[in-house]
Amino acid sequence: MKKKLELLFFLLPVIILVAFFVYGFIGWSFYTSLTDWRIIGVKGEFVGFENYKFLFTRDRSFKSTLFNTLELSAIFIGVTMPLGLALAILLDLGIYAKKVFRIIFLLPLSFSFVASASMWFWMFSPEIGVINSFLRLLGMGNLAQPWITSSTQSLWCIAIAYVWQFSGFATLVYYSGISGVSEDIREAARIDGASKFQEYWRIVIPMQKPATLTVLVILLMYSLKVFDLVWLMTGGGPGRSSEVLSTLMYKTTFSRNFFGRGASIGIVMFVISLIIILPFFVRRRRSDYE
Amino acid sequence: MKKSVILLLICSMLMLSFTAFSAKENELLVYHWWTAGGEKVAIDALFEAFLEKYPEYRIVENPVGGGGGGLMRSQIKTMIMAGNPPDTFQITYGTGMIESFTSVLQPIDNLMKDFNVPQDVMDWGRVDGKMYGVPLNIMQSNCLWYNKEIIEEVGIQMPIHSIGEFYVACEKIKNAGYTPLAVGSGMGQGYWIGTLYEAIVSALPNGGEVLNAYYAGEVIPSENETLVEALKTLANIYNNGYINSDFSALTWDQAGQLLATGKAAFFVMGDWTKGLFDASGLKANVDYGYQSFPGSSLFVGHADCFVLPKGVDSQVAKDWLSYLTTAEAETVFCPLKGATPPRLDAPVEGIYDSIAQEIMGKFRDPGVTKILSEFGAPPESYLSLFGTFFSEFFLEPEVNDATLENFDITYEEVFLY
């Protein structure tokens, strides 16, 4: 009992801070989302779920923005995870200049979002960007694309930049997961006549479930709340073609002064994150007990 | 020994708190968005001149660049909501923009005695009969800038007098292999297309009245012939191929560089562009020229102003705002920023270049109607909502039922919801 009290004593400051700054403000945001707050410095009236009703029935941006967010998440995760795993396997295979490649793979992770957004913004610029310039240099000017100025390509450009930034992270987690596979098991497989492909396909990759879960949850969290790259590369445009929930929330709250409605977008983001991420944790908890 | 240590500590703490108190008393915490080029030079010179006059004060400035002040306004809102406003901050001088902040501002009529500016400019800053900001620099936004070398090469007679003539000029320029009109609306800054739209409206019959009513929320856009006509003109300019294809990837200054580097002939942008051209080493009326947007006899513009938040009662803030009302402050700031001083008695000769004087002449001419621009007249939300609207319109520039419905709904979002 005394030990439990001691433990509680040491944990109390953290519990209070997290309760106040995380859950307290989530609660405050939820309350704000139930008001019609529009005037700076003057709290709005309680309007119930009117803001949510507006978002799902009358707001012309919300549905396309929600779809953009989910599309970006799907592309981002769908590419980053296999890419990270492939790069980790390459490192594990002991490729030439492994240390150099390890640094190259991990380098994007050390870049700030602002720096990488600026870099990709210039690369994707249709007139002076390095990608189109390179294509023109090779005499393939007809393949030059409008990239970020196109309403159909802008979201893909952001996804590419995002994949580049996070593939190093996925590589890192998978590489440590692969390194954790016992050499005895792998050696037993080799003795049994397993080829290199079979060794990875049947032994190493199936054992990466915990790493996959870690990568998936973290990538999901980042992709659902992506802001910096979108804001700095396209600002959500052209039109609304690359608008995501976080940029819409910012614009609604701070540029349009719909504070209540902005808070409701934030709560929707929170709920979507919970819906997507909670099952993974529940499943993991179950498997831990099993 | 122990007692003396405690005494020393108490004395130090008292001294520290006294120093902090006196520093706060004489300190002006100011937020603005002038972070680069001539704007930064101008505000630095203004601070210096203020401190020369009031050496007992200290200025703590927090410049927040980007988004035409949008990012700074966001930051200010969070500070105000947290109950921690700065002593003064910059916003656009105009009824709509100021009205978006009046709930947290103090009226400053008592600080603006003998402020010799045109009556309509005074009215730009009044909300419910009270003044809330000191305008520091007047800017004209319906300007047409042109690259003199291209214009001479193609053989276009300037000034251009109508939108029809403008089309003809654009066609000639396009055929000569140049981009006729530089536009930049990238990074979520679709409101620069709004500046072009506004300039077009100002050139149409009754443009001034329409703009005033439009920004006051008094029209149904789809039912207003002038507004629809301007939208069609905007679509024509795009569909005729007069605009640079990468407009949605460029910021306004990058678009201005297309003119500065001889790739584009025209640029519709406010007179702050002069600072950009001057900083690029171009000479006014030698390398680049200016006229009001073809066919427009109006002065469409706005100003930047500084305001006094509620709860701020420091003498330094009041002295700062009073100082800004003087011709001295305007004469320090405006020539460096490349703007027009609001005061009618601010000296001109030998201080401003020929283009600045031409703009000033229009501003001071009582016969020229002054119209408040999109940056000051409508509520703050206009810039963001219509920025998206214009950006979306340029994806498929066609004036059809869907476009007009979108126009009306966006307008309702600004003024009704």
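Numbers restart at 1 for each chain; the letters A, B, ... are given by sequence-line order, proteins then strands. Values in this document were obtained by computation on a predicted structure and should not be read as measured data. Hydrogens, waters and symmetry mates are skipped; everything else that's a heavy atom, side chains included, is used.
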Item to check | Heavy-atom contact with chain A under 4.5 Å, split by part of B/Ile80 | outcome: side chain

Item to check | Six-ring centre of A/Tyr222, A/Lys225 cation under 6.0 angstrom, axis tolerance 45° | outcome: yes

Checklist entry - Looking at A/Thr247, A/Thr149, A/Asp36, A/Ile40, which makes the most heavy-atom pairs under 4.5 Å with chain B? => result A/Ile40

Checklist entry - For A/Phe67, does the CZ atom sit with more than 12 other heavy atoms under 6.0 Å from it, leaving out its own atoms? => result no

Checklist outcome for this item: All heavy atoms of A/Ala117 vs all of A/Met233, minimum pair found to be O-CG, 3.6 Å

Checklist entry - Under a 4.5 Å heavy-atom cut-off, does chain B meet the side chain of A/Phe124, its backbone, both or neither? => result neither

Checklist entry - Among A/Ser61, A/Pro238, A/Gly237, A/Pro126, which residue forms the greatest number of heavy-atom pairs with chain B at distances under 4.5 Å? => result A/Pro238

Checklist outcome for this item: Of the listed B/Leu385, B/Thr410, B/Thr388, B/Val104, the one with the largest count of heavy-atom pairs under 4.5 Å with chain A is B/Leu385

Next on the checklist: Counting only non-hydrogen atoms closer than 4.5 Å, does B/Ser185 touch chain A with its backbone (N, CA, C, O), its side chain (CB onward), both, or neither?
Outcome noted: neither

Checklist outcome for this item: Cut-off 4.5 Å, heavy atoms of chain A, and the answer for B/Asn244 is neither

Next on the checklist: Is B/Glu99 close to chain A through its backbone or its side chain, or both, or neither, when contacts mean heavy atoms under 4.5 Å?
Outcome noted: neither

Item to check | CD1/B/Ile220: more than 12 non-hydrogen atoms of other groups inside 6.0 Å | outcome: no

Next on the checklist: Can you confirm whether more than 12 heavy atoms, excluding those of B/Lys263, are under 6.0 Å from its NZ atom?
Outcome noted: no

Checklist outcome for this item: Counting heavy-atom pairs under 4.5 angstrom with chain B, the leader among A/Ile148, A/Asn257, A/Ile128 is A/Asn257

Checklist entry - Is it the case that A/Arg38 places NZ or CZ above or below the six-membered ring of A/Phe259, under 6.0 angstrom from the centre and within 45 degrees of the axis? => result no

Checklist outcome for this item: Nearest heavy-atom approach of B/Pro86 to B/Val312 is O-CG2, 3.5 Å

Checklist entry - So which part of B/Met187 gets closer than 4.5 Å to some heavy atom of chain A, the side chain, the backbone, both or neither? => result both

